Student: 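I have a structure I would like to understand better, so I am pasting it below and will then ask my questions one at a time.
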Amino acid sequence: MFAISSKVGQLLHQDHLQAIALLQKLEEFLVGQTSKRPPDVKNDPVALLLKDVSRIIDDEITRHFGFEEGHLFPALAEAGETGMTAFLAHEHGMIRPVAQELGGLAREALENGFTPESWKQFHSLGLEMVEREIFHIQKEEMGLLAAISALIDPMTDAELAMKFAEAR
Amino acid sequence: MFPVDPSQNAKGRLLPPDVPFRFFGAAILFHILAWLVLVLLAKPSQGLTWPVLAALHLLTLGVLAMVATGASFQLLPVATKRTVRSPNLCRSIFWMMTGGVLAFALGLLGEIHWLVAAGGVLVALGLVVTAVLLADNLLGVDDMPVVTGHAWIATLSLVAVEALGGVLALNLAFGFLGARSPLVLAHGLLATFGFMGMLASGLSTILLPMFALSLAPSERLGRMALACNGTGLLLAVAGALVEQPYLMALGGALGLCGMGLLGWSLVQAFKKRMRKRTGFFFLPIWTGAALGPVSILSGMAALFDLFPNAGLLFIWLTVVGWLLTFLLGVLQRIMPFLASMHSATPLGRTPLLSQLMAEGLTKTHFVLHVIALVAVGAGLVLDVPLLVRLGAVSGLLGALAFAGYGFELYRRVRRFKSENI
């Protein structure tokens with residue numbers, strides 16, 4: 001990963017750090033719990049994790065992806081970078097339904113608990129989400145942040161950073 | 001959701017998949033051939049015989065250079081943010097190198113000198129065009145000095161390696177050189193520590209942080225490592241050419257410092273990584289990186305005849321212990337990484353990395369590879385041919401396991417695509 005020189009790059013990186021911290025917590029929990037043992041959602045750490053999953057995943061979808069697709073990718077396209085942004089937007093399209101379904105299952109479980117079937121589904125979707133999102137972040141940290149530093153001028157960078165901060 | 005237009009990939013920094021994968025596929029096959037030659041034909045107790053030289057070049061040119069070329073065409077543009085100028089030129093380099101390596105190895109095995117010369121010239125041509133493409137990609141790039149600095153030294157070393165290698169290959173056919181040992185040693189040092197080592201060092205500062213999701217390693221330490229590595233290489237090669245062991249030892253000491261500084265900065269970055277659960281592939285990567293300094297130490301021992309067969313051990317540890325172990329670790333990660341990025345179906349789905357990687361086979365490969373490394377190394381030092389042969393059998397089985405990993409990756413990608421049309 002590169003040293004991050006742009007303001008908007010630093011903000012995106014902060015978001016990535018937060019997402020990775022949650023995804024790793026989720027991964028550890030899912031691996032430890034296995035798909036056969038539904039957890040007790042009345043247990044405080046489990047409830048907290050489920051709340052985080054629904055909140056941060058919703059946040060990631062509506063704000064982070066939305067900002068990138070609505071503001072950042074067009075700015076990069078204007079600077080001539082279209083191949084990478086098309087690829088990343090395409091990945092957003094794959095992650096979004098997984099994240100939304102996972103968030104929905106987490107909210108449902110917080111209200112009614114898990115059944116063996118819903119837990120199995122949550123377990124499988126959760127692991128898929130962890131892998132897809134971390135792989136996606138890897139590419140953004142590697143390619144996108146470097147492209148921002150190289151292609152976005154300081155004024156556009158400041159404008160984008162302001163838009164991103166407002167959406168937070 | 002919308003499908004990805006593959007033409008955008010070609011215009012972007014992601015090369016068409018056949019470009020890197022043809023190099024990786026060839027490397028996997030040459031890996032098997034190299035061990036097979038060692039098992040069936042090599043008589044290591046007689047030193048660098050023709051079959052041993054054939055196996056050595058199947059590894060250095062067929063595996064190491066092939067992986068380095070394919071990987072650098074795909075990975076260097078990520079660092080330089082510039083596209084490789086011509087995928088077709090990359091494809092033609094592949095054919096020159098593949099044909100050249102085969103001719104070179106067959107020539108050595110059959111002691112057909114003109115075939116060795118022809119193969120050497122063909123490989124040299126391929127690698128010189130590689131050097132031109134890499135230089136073209138590096139020109140005008142002023143950020144990421146640690147990566148580009150190492151890549152520049154690698155590129156220049158490659159030109160020197162090919163010049164010396166061409167002379168040595170032609171000498172086999174026409175016999176015009178008097179003493180060729182200094183040239184052979186300089187050629188070996190430039191090929192392993194110059195081209196391969198510098199490329200591995202430079203690219204590791206991008207790849208390892210990317211795999212572990214960590215910040216970039218310290219640029220200050222990286223610059224110091226670059227200075228040590230570059231100066232060390234220069235002194236070692238000069239020492240080899242003028243036959244001055246103390247000059248070579250000084251070069252080796254600087255190389256040790258360079259490796260130490262770069263390794264330290266990578267370990268520090270790795271400790272602060274965001275991704276805590278890293279895959280199995282990091283084990284061969286760290287093992288290979290740790291064996292780099294050991295290979296230099298054994299080279300120094302060989303300079304002053306500290307123990308019998310230290311020279312053979314130096315070659316073994318450099319080519320197989322350090323470079324091959326490291327590069328196969330990198331390869332087992334970048335192959336599924338690239339395959340996944342190229343596997344988007346028209347419906348917009350891509351496979352998960354865990355669906356593509358048959359990790360059991362890479363674990364099997366690593367165990368067999370380490371057994372081979374230790375057994376052959378011990379066999380060379382203790383002069384026990386049976387140990388060398390048993391180690392080579394283990395290496396061959398490991399190479400087959402690695403090929404199984406590559407084949408399984410291909411099969412899983414095909415299956416994913418057919419199930420998601």
Side-chain angles (χ1 to χ4, degrees), chain A residues 1-5 13-14 16-25 27-28 30-31 69 76-77 79-98 124 127-151, chain B residues 1-14 75 77-83 141 143-144 146-147 205-219 269 272-279 333 336-337 340-342 344-345 347-357:
Chain A
M1 200 192 314
F2 304 84
I4 305 160
S5 55
H13 176 66
Q14 286 304 318
H16 290 160
L17 284 176
Q18 192 186 14
I20 285 175
L22 172 68
L23 290 166
Q24 292 195 139
K25 214 193 299 179
E27 185 181 34
E28 265 173 42
L30 294 172
V31 170
E69 290 167 12
L76 284 168
E81 177 64 79
T82 53
M84 187 209 314
T85 53
F87 191 90
L88 293 172
H90 157 77
E91 283 202 339
H92 288 174
M94 276 188 304
I95 294 168
R96 200 175 263 124
V98 179
S124 156
L127 287 177
E128 181 174 348
M129 178 70 199
V130 169
E131 199 173 328
R132 283 203 190 281
E133 179 63 3
I134 287 183
F135 194 30
H136 178 69
I137 290 174
Q138 230 167 13
K139 288 173 214 151
E140 289 207 348
E141 289 278 319
M142 181 75 186
L144 184 64
L145 301 193
I148 294 170
S149 297
L151 299 173
Chain B
M1 206 184 309
F2 51 90
V4 170
D5 175 7
S7 66
Q8 287 182 321
N9 288 340
K11 283 180 200 158
R13 292 191 290 276
L14 199 59
L75 297 173
V78 176
T80 60
K81 304 174 199 75
R82 300 179 64 183
T83 52
V141 176
D143 60 347
M144 306 203 69
V146 180
V147 185
T205 63
I206 317 177
L207 284 174
L208 269 55
M210 182 184 80
F211 292 153
L213 272 169
S214 72
L215 285 172
S218 157
E219 191 175 306
K272 293 178 193 153
R273 69 193 183 277
M274 291 188 264
R275 180 78 170 126
K276 297 301 172 199
R277 284 166 64 100
T278 51
R333 179 59 175 184
F337 191 102
S340 164
M341 290 178 74
H342 283 294
T345 65
L347 290 174
R349 285 182 57 79
T350 53
L352 293 171
L353 277 188
S354 58
Q355 288 177 320
L356 297 181
M357 293 169 74

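Residue numbers start from 1 in every chain, and the chains themselves are labelled A, B, ... in the order their sequence lines are given, proteins ahead of strands. Everything quoted here is computed from the prediction, not taken from an experiment.
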Student: How would you list, by chain and number, every residue that makes a side-chain contact (heavy atoms from CB on, under 4.5 Å) with E131(A), sequence neighbours excluded?
Tutor: L352(B), L353(B), S354(B)
Student: Which heavy-atom pair separates A269(B) from P217(B) by the least distance, and what is that distance?
Tutor: CB-CA, 4.0 Å
Student: Between M210(B) and Q138(A), what is the shortest heavy-atom contact and its length?
Tutor: O-NE2, 2.9 Å
Student: Relative to chain B, which segment of V98(A) carries a heavy atom at a distance below 4.5 Å: side chain, backbone, both, or neither?
Tutor: neither
Student: Chain B heavy atoms under 4.5 Å from E28(A): which part of the residue, side chain, backbone, both or neither?
Tutor: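 It is neither, since no heavy atom gets under 4.5 Å.
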Student: Restricting to side-chain contact (heavy atoms from CB on, under 4.5 Å), what partner residues turn up for K25(A), sequence neighbours left out?
Tutor: L49(A), D52(A)
Student: Using non-hydrogen atoms only, which part of I20(A) is less than 4.5 Å away from chain B: side chain, backbone, both, or neither?
Tutor: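 Contact with chain B involves the side chain of I20(A) alone.
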